[in-house]
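Input: a single structure, listed below in structure tokens.
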Amino acid sequence: MHRVWVVEDEDSLRKAEEKFLNRQGYLVSAFAEGESMLEALKNEQPQVVFLDLKLPGISGEELLPKIKEVNPEIRVIIVSAYSEVENVVKVIRKGAFDFIKKPFNIEEFGHTLEKALENLTLNDEISYLKSREAPSILACPSPAMRGVEELVEKITATPGTTTVLIHGESGTGKEVVARMIYTATKCSGKFVELNCSSIPEPLLESELFGHVKGAFTDAYQEKKGLFELADNGTLFLDEIGDMPPKLQSKLLKVLESKEVKRVGGLNSVQVNVRIIAATNKDLETEVSSGNFRADLFYRLNVFPIIVPPLRDRREDILPLAGYFIERFNREFRKKIQGLSKNSSADFLSYSWPGNVRELKNIIERAMIMENGEELSPMLSGRKQDSGTIIDISGEGIDLETTLSSIEKQYIQKALEAAGWNQSRAAQLLKIPREILRYRMKKYELS
């Protein structure tokens, strides 16, 4: 079970955060100032700390390096008022994972925590990959994921910094693919990541390109941007479809010139960076609607990789469940052998709208609750693939063939309704155009 700490001097806010975290099942400790938190840190360590910047006594900015010194893997989320937002960039540069701007709603609070815990899981996974102690979640039996693996092998075997654009729904594992590309590429630089939707637009340019001293208020010293920090390595731009139009043009210029100019600066700095971008949006539709630059899309989409949703590769569901059970057995020091027979059948018939992320979360919760040898996660309250009456004869059915037939019919109907306009058909099906193309190829529809 994850330990989450809150350091907040405002009583009502601290109690609200503590109540929410307790209700979600986390092990919670709350502190009104930093000194008591540092004392507690000597005896136990949390996975995540929500840290207010303005505290009585030692400030949040002073606390951050002390926390990271004890354990650099602790994810620190800064809680800050808007007036302090310029200082937020400083603490993020010092190792904070993310920040929440006051006032915030509890859903945003919970979502940010989920991101931090997911990031911890990803780091664990990369460690497993490097040590070969556990299989990759990409090492699945489905032809679709074998195809993704082959593309990863091809791009990493090719010298240079070819740009990669990873398409896929939320939760499919786009960041895992990006990290695998980096891990398999022989380079001396770092893997640097940025979620383009998580930082306010006024600060995003400084984050990417850096700034010189005096470029704006509170720019007391020059700062390198993420491009410079990722020199000779990889810069992963997640949610690239949410990048503001003004920065899209500046990113395009950097991609073409391989030079960055810091905010307020006159001189350009040469950089050698592989850009891996990821999106769950249909960027071609975004281009058509004027939300995304066409020239930037073509510049990013040099080497596209489509990560299919879990419902398109049902042969991967049970191997992935086994993979996560093995991982959480290690983490929780349990000896659960696997899924029960009934749960295996439920998993195969479920639509998995949250993809691999949802599967991992369900397994993790079930592992916390289970003390026996078999796992029986509850899926009864979740929406299934179809509201139709299902009947299985004594001879049984071929589940994969049946589901594929239904999916093919829906895709063909959407294409016919759209006059075989792929962009319109993708909108009717509420999927990215690249995913539609992948499925058309799969079912030989043209």
Side-chain angles (χ1 to χ4, degrees), residues 1-123 195 197-200 203 331-332 354 357-358 360-361 364-365 368-369:
M1 190 176 293
H2 297 297
R3 293 183 183 276
V4 181
W5 288 6
V6 172
V7 190
E8 170 63 60
D9 64 327
E10 187 180 329
D11 288 344
S12 59
L13 181 56
R14 184 177 65 256
K15 289 176 182 176
E17 293 170 350
E18 188 177 7
K19 182 178 179 181
F20 171 79
L21 293 169
N22 278 318
R23 197 165 58 239
Q24 298 300 313
Y26 297 106
L27 295 173
V28 187
S29 296
F31 307 89
E33 34 70 37
E35 285 80 359
S36 57
M37 189 222 68
L38 287 176
E39 190 64 29
L41 203 58
K42 296 176 182 178
N43 300 316
E44 61 182 12
Q45 295 175 17
Q47 278 78 40
V48 179
V49 175
F50 284 92
L51 180 62
D52 189 9
L53 268 187
K54 294 235 175 139
L55 293 167
I58 184 170
S59 70
E61 189 173 348
E62 293 171 305
L63 273 174
L64 176 61
K66 295 181 183 295
I67 296 170
K68 303 299 278 187
E69 184 180 342
V70 172
N71 184 353
E73 294 303 310
I74 296 174
R75 297 300 186 260
V76 180
I77 298 170
I78 298 298
V79 181
S80 164
Y82 186 79
S83 60
E84 305 159 357
V85 78
E86 295 292 349
N87 295 327
V88 169
V89 176
K90 295 179 188 176
V91 291
I92 286 180
R93 304 306 308 152
K94 291 180 180 178
F97 173 75
D98 205 342
F99 81 96
I100 303 177
K101 183 179 68 179
K102 291 182 181 179
F104 56 83
N105 59 50
I106 205 66
E107 288 80 12
E108 180 187 3
F109 182 84
H111 178 64
T112 308
L113 174 57
E114 286 179 7
K115 284 199 303 179
L117 293 174
E118 274 179 32
N119 184 265
L120 276 170
T121 301
L122 275 171
N123 279 4
N195 187 311
S197 64
S198 67
I199 295 181
L203 302 179
E331 184 174 335
F332 301 149
R357 180 186 299 143
E358 182 183 13
K360 188 266 292 183
N361 290 343
E364 182 176 7
R365 174 176 172 77
I368 292 171
M369 303 298 293

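These numbers were taken from a predicted model, which means no experiment stands behind them.
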*Measure the shortest side-chain to side-chain distance between Glu18 and Val6 over non-hydrogen atoms and say whether it is less than 4.5 angstrom.*
no
*Side chains of Val49 and Leu63 in contact at under 4.5 Å (non-hydrogen atoms)*: no
_Using every non-hydrogen atom in the two residues, find where Gly354 and Glu358 come nearest and quote the distance to one decimal._
N-OE1, 2.8 Å
_Glu10 side-chain N/O to Ser12 backbone N/O, donor-acceptor pair under 3.5 Å_ = no
*Residue list, side chain to side chain contact (heavy atoms under 4.5 Å, CB included) with Asp9, at least two apart or on another chain*: Asp52, Leu55, Pro56
*asked:* Is the shortest side-chain heavy-atom distance between Val79 and Phe109 below 4.5 Å?
replied: no
*Check the pair Thr112 / Phe104 against side chain to side chain contact (heavy atoms under 4.5 Å, CB included), numbers first and verdict last.*
CA-CA 11 Å; Thr112 308; Phe104 56 83; over 6 Å; no
*Examine distances only and state if a side-chain atom of Glu33 and a backbone atom of Glu35 form a donor-acceptor pair shorter than 3.5 Å.*
yes
_Would you say that Glu114 contacts Asn361 through its side chain, given a criterion of any heavy-atom pair below 4.5 Å between the two side chains?_
no
*Hey, could you give me the NZ/OG distance between Lys102 and Ser80, rounded to the nearest 0.5 Å?*
8.0 Å
_To the nearest 0.5 Å, what is the distance between CH2 on Trp5 and CD1 on Ile77?_
15.0 Å
*What distance do Glu69 atom CD and Leu38 atom CG have between them, rounded to the nearest 0.5 Å?*
10.0 Å
*So how far is it from Glu17 CD to Asn22 CG, rounded to the nearest 0.5 Å?*
12.0 Å
*For the student: nearest non-hydrogen atoms of Lys101 and Phe99, plus distance*: N-CD1, 4.1 Å
*Can you tell me how far the CZ atom of Phe31 sits from the CG atom of Leu41, to the nearest 0.5 Å?*
8.5 Å
*asked:* Taking Leu27's backbone N and O only, do any of them form a donor-acceptor pair with Arg3's side chain (distance below 3.5 Å, no angle check)?
replied: no
*Check side chain to side chain contact (heavy atoms under 4.5 Å, CB included) between Lys68 and all other residues, then give those that pass, not counting sequence neighbours.*
Leu64, Val76
*asked:* Within the 4.5 Å heavy-atom criterion, are His2 and Glu364 side-chain neighbours or not?
replied: yes
*Atom CD1 in Ile100, atom CZ in Phe50: separation rounded to 0.5 Å?*
5.0 Å
_Heavy-atom pair of closest approach, residues Ile78 and Ala96_ = CG1-CB, 3.7 Å
_Nearest atoms (heavy-atom pairs only) where Arg75 meets Phe97_ = CD-CD1, 3.9 Å
